[in-house]
Amino acid sequence: MPVSELEGLLGGKVAVVTGAGQGLGLAYAAALAAEGAAVVVNDVDPAAADAAVAALVAAGGRAVASVGAVGPAGAAQALVDTAVAEFGRLDILVTNAGILRDTVLWKMTDADFDAVLDVHLRGTFTCVRAAAVRMREQGEGGRIICVGSPTGQVGNFGQTNYAAAKAGIVGMVRTWSLELARANVTVNAVIPVAATGMTETAPFLKPYVDALHEGRPLPAYARRELSFGPPSDVAGLVVFLASAEAAGISGQAIGLGGDRLALWAHPSEAAVAFADGGWTARTIADTWAAELKPHEQTVGQHFPEPY
């Protein structure tokens, strides 16, 4: 069935979306609601959560707010309990909540590190654990969609904590996809790129952010090479992964932004060498330059020159 025919396939499903008061989370929640899912909108900001719910309901959707910061096990259980109490079940979980505490390694405090990992990594873990228990009890499968980042895939200057959390999320997704396969619960990571509060401060993106704010179309370079656009560009991927069309997809990291859809590769050996009897520092040095150095991996995101 073509993707264009997916409308309405989430009717009767119930979703929880964390960090859904604005930005990408709101776009995900709105798209799920538009496809017929009832949505529990989580956000740490009560006003943002209430406004999001009001917007979804005004558009004809079903939604309720659940206010609180993710991380603690109790907060995760409260989200599942809200879904069950309000709508009778839980079918879809989208773990989107996040914060930033960017600074270089030698200036990053323990508090900076812990805060980001608590929301992103522990928050994903506790929410997925609570959802997995409920989905296994229901016995009807489910969809778990965890939000990663290009930073977690390739690194980024000044984001030690964020890179660690997002890389950890994708690692957990691969593991959970194995553990939940028998329960027919798929687990995937979305790697989004979009204009949000987390990306709009990047200087090289400013011309494109300004264009979006002014209602001007983005050039092909921004939408294709930078994979950049509004949050709504990414929402279709979440709907797809939540639908029956994605029943056979699990353990994957899938990127979307602007016009660019990408399937990320799992980490794998880029090159292999052997030495009979084992290796010494000297034999490694001799072999590295000839056999392994050409296969060294780049780090960070690299973009072509604008055209």
Spacing of CG belonging to L212 relative to OH belonging to Y208, to within rounding of 0.5 Å: 11.5 Å

Trace of the side-chain contact (heavy atoms from CB on, under 4.5 Å) decision for N161 with R101: CA-CA 8 Å; N161 44 12; R101 297 289 186 273; 3.7 Å; yes

Gap separating the CG atom of N156 from the OG1 atom of T151, nearest 0.5 angstrom: 4.0 Å

Aromatic ring pairing F125/W176, orientation class (parallel under 30°, perpendicular over 60°, tilted between): parallel

Donor + acceptor pair across side chains of Q159, D102 (<3.5 Å): yes

Heavy-atom side-chain contact between V39 and V17 under 4.5 Å: yes

Side chain to side chain donor-acceptor pair (under 3.5 Å) contacts in which one or both residues fall within residues 54-65, not counting sequence neighbours: none

Under 3.5 Å donor-acceptor, H120 side chain and K166 backbone: no

N-O pairing of R223 and D233 below 4.0 Å: yes

Any donor-acceptor N or O pair under 3.5 Å, side chains D286, T283: no

Whether N188 side chain and I249 backbone form a donor-acceptor pair below 3.5 Å: yes

Nearest heavy-atom neighbours spanning A211 and L218: CB-CD2, 3.8 Å

Side chain proximity check, I254 to V190, heavy atoms < 4.5 angstrom: no

Chi angles and distances behind the side-chain contact (heavy atoms from CB on, under 4.5 Å) call for L237, L241: CA-CA 6 Å; L237 176 57; L241 290 173; 4.1 Å; yes

